Amino acid sequence: MNLEKAAKTLGWKPFRLKQVWHARENELKTSWSELTNLPKTEREFLSEQVPFDSLSIVVSQTSEEGAAIKWLLKAQDGHLIETVLLIHSGDKKAWGTVCVSSQVGCPMRCAFCATGQMGLTRNLTSDEILDQFLIAKREAKSRGITGNLNVVFMGMGEPLLNLESVIPAIKVLIDPKRHGLSPSRVTVSTSGILPGLEKLRAEKLGIGLALSLHAPTDELRSKLMPANTAYPLAGLMAHLRKWEKEGVEILYEYILIEEVNDRIEDAEALAKLLKGRNAKVNLIPLNPVPNSALKRPSKNRMHRFLEIMEKAGIAVTLRHTKGDDIQAACGQLKTKNS
Ligand code: SAH
Ligand code: SF4
């Protein structure tokens, strides 16, 4: 059973549940036996009936330079997912970004994405989403990382196809009495599921939004991302204006793929599409994907693209790919053994 059900069985008053949340999420206790403010009989009951974590660590890998940690995590039903913690050495103190998964696999089948090759197995529960963050939070603490943690829904899965778990999880992340993250530190990334975007916007959570754009025209985008056929660019870009009007700066992710979307005309079309919008572009060098002919462009071609965007006055960065050696970069999440 889960904690909420156990609380009912034990006839807990609300404050008890809050105590347990506080012990797990703020004091970062890792087992029922450590919750000594609970009666012993209840601790024993919980130890037998309720797994303290919904996910267990199967493998954890640290990248060579130590800037990324990737976990392979196992759910109660044996399914495997991945979570990444990226560590940034700030001016004063180190801070982190936690890349969480929202589904086991993903149904969207984008051509460049390892997760997309798996298809969808199931949605994650909000507990499973939150426990990924918790595992990363414990790690950050053990490494003495005292800066803020950000959460990006850029791991496995399409978060807007699992809003029934994603929205409650975000609410816990930003609840001042729970994890207490500032809403702007949480970013949902989507391949552009329009009905999901509308639903998420209606929640008025104050979070950040990233659109996986990857191509400036419908023709090219539909080739790379089958979702574009259902939700073409004109409708998406018109919808994003509503977020912009509410002060959200949209992050546009654009994976650079040699000779596919990294040509001069692609950069010019992208600049034209985003001109005059509250937009920031993150250019992402393609990470190699198994069984795919798609290639990462040369440094020269990537910088040429970057310069065209800069000259057009678009806020743009070229992502430095941390964790390549352990395949921990977001978007490369595919559990080999599933
Ligand atoms: N499904 C959502 C969120 C998960 S994907 C989405 O598509 O936005 C998270 C990011 O990883 C997306 O920008 C995605 O395009 C990127 N990504 C996927 N495959 C990649 C690859 N081979 N190399 C680099 N980034 C990749
Ligand atoms: Fe799914 Fe995102 Fe990968 Fe596309 S890029 S297959 S939407 S996880």
Side-chain angles (χ1 to χ4, degrees), residues 68 70 81-84 86 97-124 129 132 150-163 165-166 169-170 186-194 196-197 200 207-215 220-231 236 240 250-258 260-262 270 280-297 302 317-324 326-335:
K70 178 168 84 164
I81 55 160
E82 291 180 332
T83 304
V84 179
L86 299 169
T97 302
V98 187
C99 181
V100 297
S101 297
S102 56
Q103 299 181 309
V104 182
C106 178
M108 303 312 293
R109 302 204 179 270
C110 300
F112 45 79
C113 176
T115 307
Q117 293 175 356
M118 299 168 64
L120 176 69
T121 304
R122 71 164 170 86
N123 281 338
L124 294 182
I129 294 170
Q132 296 173 63
N150 298 302
V151 177
V152 294
F153 284 81
M154 293 187 188
M156 299 169 84
E158 171 47 61
L160 295 196
L161 292 180
N162 183 18
L163 284 175
S165 299
V166 167
I170 294 173
V186 178
T187 300
V188 168
S189 173
T190 179
S191 56
I193 313 289
L194 194 51
L197 278 165
L200 183 61
I207 57 170
L209 183 69
L211 178 73
S212 285
L213 188 57
H214 311 314
L220 183 53
R221 197 166 185 266
S222 295
K223 277 191 203 146
L224 293 172
M225 307 176 72
N228 191 69
T229 328
Y231 308 111
L236 279 180
L240 294 182
I250 315 281
L251 177 71
Y252 293 88
E253 295 157 279
Y254 194 101
I255 301 177
L256 289 167
I257 310 172
E258 188 175 71
V260 174
N261 66 358
D262 72 335
L270 181 61
K280 202 172 143 188
V281 178
N282 194 358
L283 299 174
I284 307 164
L286 176 79
N287 288 314
V289 185
N291 315 316
S292 159
L294 303 176
K295 280 207 283 236
R296 179 185 291 192
M302 295 199 288
T317 51
L318 178 59
R319 189 194 280 179
H320 162 75
T321 50
K322 283 180 180 165
D324 270 5
I326 57 163
Q327 303 223 315
C330 284
Q332 271 194 300
L333 305 183
K334 179 181 174 179
T335 50

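Ligands are counted one by one from 1 in listed order, and the atoms in each one are counted from 1 as well. Since the structure is predicted, the reported quantities are computational estimates derived from the model, not experimental observations. Numbering of residues begins at 1 and proceeds along the displayed sequence.
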Practice problem: Select one of side chain, backbone, both or neither to describe which atoms of Thr190 lie under 4.0 Å from any atom of ligand 1, heavy atoms only. | Solution: backbone

Quiz item: Does Cys113 reach ligand 1 with a nitrogen or oxygen that is under 3.5 Å from one of the ligand's nitrogen or oxygen atoms?
Solution: no

Quiz item: What atoms of ligand 1 come within less than 4.0 Å of a heavy atom belonging to Val289?
Solution: 22 (N)

Quiz item: At a non-hydrogen distance cut-off of under 4.0 Å, which region of Met225 contacts ligand 2 (side chain, backbone, both, or neither)?
Solution: neither

Quiz item: Looking only at heavy atoms of Pro288, does any of them come nearer than 4.0 Å to an atom of ligand 1?
Solution: no

Quiz item: Relative to atom 14 (C) of ligand 1, which among His214, Glu158, Arg319 owns the nearest non-hydrogen atom?
Solution: His214

Self-check item: Sequence-distant partners of Thr317, side chain to side chain contact (heavy atoms under 4.5 Å, CB included), two or more places apart
Solution: Asn282

Quiz item: Sub-3.5 Å donor-acceptor pair from the side chain of Tyr254 to the main-chain atoms of Asn261, do we have one?
Solution: yes

Quiz item: Looking only at non-hydrogen atoms, which of Gly105, Gly116, Gly157 approaches atom 8 (S) of ligand 2 most closely?
Solution: Gly157

Quiz item: Which atoms of ligand 1 have any heavy atom of Phe153 under 4.0 Å away?
Solution: 3 (C)

Self-check item: Winner among Pro107, Gly157, Ser102, Ser189 once heavy atoms are compared against atom 1 (N) of ligand 1
Solution: Gly157

Quiz prompt | Metal check, atom 4 (Fe) of ligand 2 vs Cys110 N/O/S, cut-off below 2.8 Å | solution = yes

Exercise. Measure from the side-chain N and O atoms of Thr229 to the backbone N and O of Pro226, and report whether any donor-acceptor pair falls under 3.5 Å.
Key: yes

Quiz prompt | Side chain Asp262, main chain Met302, donor-acceptor under 3.5 Å | solution = no

Quiz item: Ignoring hydrogens and geometry, is there a side-chain-to-backbone donor-acceptor pair from Gln117 to Pro290 under 3.5 Å?
Solution: yes

Quiz prompt | Arg296 side chain to Glu258 backbone, donor-acceptor under 3.5 Å | solution = no

Quiz item: Heavy-atom distance under 4.5 Å between the side chains of Leu286 and Leu256, does that happen here?
Solution: no

Quiz item: Heavy atoms only: which of Cys113, Ser191, Ser101 is nearest to atom 5 (S) of ligand 2?
Solution: Cys113

Quiz item: Would a distance-only check, ignoring hydrogens and angles, find a side-chain to backbone donor-acceptor pair under 3.5 Å from Ser292 to Leu294?
Solution: yes

Quiz item: Got a donor-acceptor contact below 3.5 angstrom from the Asn162 side chain to the Leu124 backbone?
Solution: yes

Self-check item: Residue portion contacting ligand 1 (non-hydrogen atoms closer than 4.0 Å) for Ile284
Solution: side chain

Quiz item: Going by the atom numbers of ligand 2, which of them fall below 4.0 Å from some non-hydrogen atom of Arg109?
Solution: 6 (S)

Exercise. For Glu253, counting its heavy atoms only, list the atoms of ligand 1 lying under 4.0 Å from any of them.
Key: 10 (C), 12 (C), 13 (O)

Self-check item: Closest to atom 26 (C) of ligand 1 (judged by heavy-atom distance), picking from Leu161, Ile255, Ile257
Solution: Ile255

Self-check item: Proximity flag Cys106 to ligand 1, non-hydrogen atoms under 4.0 Å
Solution: no

Quiz item: Touching ligand 1 at all, Gly116? Heavy atoms, strictly under 4.0 Å?
Solution: no

Practice problem: For Arg122, check side chain to side chain donor-acceptor pair (under 3.5 Å) against everything at least two apart and list the hits. | Solution: Asp77, Glu128

Quiz item: Quick one: does Ser101's side chain have a donor or acceptor within less than 3.5 Å of a partner on Glu82's backbone?
Solution: yes

